There are 2 protein chains.
Amino acid sequence: MDRRQRKTREAIFDAFIDLLSEKDFNQITVAEIIEKADIGRATFYAHFETKDYLLKELSEELFCHIFDSVNNENTEHRHIFNCNEHDSIFLHLFRHFEKNDNNILKLLSCRNNELFLRYFKTDLKLLIKKQLPALNYIQFEGLPEDFVINHISSTFVETVKWWVNNGMKESDEEINEYFSKFLHIK
Amino acid sequence: MDRRQRKTREAIFDAFIDLLSEKDFNQITVAEIIEKADIGRATFYAHFETKDYLLKELSEELFCHIFDSVNNENTEHRHIFNCNEHDSIFLHLFRHFEKNDNNILKLLSCRNNELFLRYFKTDLKLLIKKQLPALNYIQFEGLPEDFVINHISSTFVETVKWWVNNGMKESDEEINEYFSKFLHIK
DNA sequence: TCAATACCGAACTATGTGTTCATTATTTTA
DNA sequence: TAAAATAATGAACACATAGTTCGGTATTGA
C-alpha cells in the first residue's frame, strides 16, 4: 500500500476515533472527519464509500489482533499477558482490555455505538463457537447452540460495558469472576 | 385530546411502525412517514419535534400497558393471562408477547432498532429492580445490584429477540424455561 | 527520470431537515 | 347554532450534509 494511502487512512481513523469518544456516531459528519484528519473531501470518499464502511473497516482493524492473539495463542503471547494455557479466553480478553493497548475500549464504552458493538459481537460469537467444546457448558444442555453462544457473547459484552462505564475499578481477574458467576463456569 | 389530533397521531404511529418493520430507523425519512400517514409536513412537526421523539413517544405508549399489567397485577389480569400469583414476571411478559396484542414484538425483533431496545431495557430494569427482592438471586450475591439488574434485563431482551427471530416455535412456558436456565432460577 | 497514482479543492447535484405562513376545515364553548 | 379557538394543509423557504466530478498538483515506486 502506498505510503500516502497509509497516512491518509491512518489520519481518518484517528480523527474518527477522536470524534467517536466525543459524540454519537450518527452525529458525526464527514466534514468534521476530514477537517480533523486534514484531508480533502474527495480523498475521504476515495478511501471509504460511506461513514458506515469507515466504522466497519475500523472495527475489523481493531478486532483483528485482539482476536488473533486469542486464536493463535502461543508462548510469547502467554508470557506477555502473564497467563497460562488454562485461563479462559474471556480472561484473556479482559486482560487485553485492561492493558488498553489499542482504542477498542474507547469505542466499546461510548454511548450510542450499537453498530460497533454488533460488529464486536459477531466476531466474538465466531470465537466462542470455536472454543465451545473446550468450555463445559453442561448447565445449558438442551438449549440450541446458537442461542447459548448468543447468550455468552451478550453477557460478555454487557459485562465489559458495565466494567468500563464504572471506571474499571475491578481488576481483570475480578471482572472475570463476576462474568463467570453469571455463566456459572468453574 | 382533539379528535383530529388523535387521528393524526395514530396515523403517524401506524405509518412509522410499518416503515420500521421494513427498514432501519435511520433510513426512514420524515417524507416517507408523512406520505404513508397521508398528512402534511407541517402537521408532523406540530406533533413531534424530531424522528427521535416520535420513537420515544411510540415506545412509551407501547410499553405502558404491558408493564402496567405486570405492575398492577390483579385477579382479572391473572384470569385473562391464565397465570397464578407465583408465576414470575418474566413468564407474564412472555405471555404478553405470545399473544402479540400490540405491535411491540414487531419492533423488538426488527433489525437495527437499538434505540427502541434501549428504551425497553430502561423500563424493564425499573420493573426488575422493584421485583428483585421477590426473586431469589442468591447466586449473584456479592455483585453490584445495578450490574445484576442489567444482566437480567439484557438476558431477557436477548432471549425475546432470539425467540422472535426464530419464528417463536417455542411456547411461552418453554421459552421461559430457557430463560430461567440462563439465570439459574427455580 | 518518468509513468502511475494519490491528493487537492472547489464547484456541483441531490436529498433530507425543520420552519413559516396564509388558507381551509374541524371542533369546542358560550 | 354562532363565534372563537384550534388543527391541518400545502407550498415555499433556508439550511445542513452527502456524495460526485474534474482539472491541476504533488508524491511515490520502479
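These figures come from a predicted structure and were not determined experimentally. The sequence lines fix the lettering, A, B, ..., with proteins before strands; numbering per chain opens at 1.
Taking a heavy-atom distance under 4.0 Å as the criterion, the stretch of DNA chain D touched by chain B extends 5' to 3' from D:dT6 to D:dG10. Interface limits on DNA chain C: the 5'-most and 3'-most nucleotides within less than 4.0 Å of chain B heavy atoms are C:dG16 to C:dT27.
Under the ring-ring contact (aromatic ring centres under 6.0 Å, His included) criterion, A:Phe116 pairs with A:Phe63, sequence neighbours left out. Residues satisfying the salt bridge (Lys or Arg N to Asp or Glu O under 4.0 Å) test with A:Asp146, not counting sequence neighbours, are none. With sequence neighbours excluded, no residue forms a ring-ring contact (aromatic ring centres under 6.0 Å, His included) with A:Tyr53. Checked against ring-ring contact (aromatic ring centres under 6.0 Å, His included), A:Tyr119 has no partners two or more places apart in sequence or in another chain. The salt bridge (Lys or Arg N to Asp or Glu O under 4.0 Å) test applied to A:Glu114 returns B:Arg118, not counting sequence neighbours. Under the ring-ring contact (aromatic ring centres under 6.0 Å, His included) criterion, A:Phe16 pairs with no residue at all, not counting sequence neighbours.
Looking at residues 5-14 of chain A, you'll see that no heavy atom sits under 4.0 Å from any atom of DNA chain D. A heavy atom lying under 4.0 Å from DNA chain C marks the following residues of residues 33-45 of chain B, by number: B:Arg41, B:Ala42, B:Tyr45. Of all the residues in residues 19-30 of chain B, B:Thr29, B:Val30 reach under 4.0 Å from DNA chain C with at least one non-hydrogen atom.
Taking five base pairs at each end of the helix from C:dT1-D:dA30 to C:dA30-D:dT1, the local helix axes there meet at an angle of 40°, rounded to 10°.
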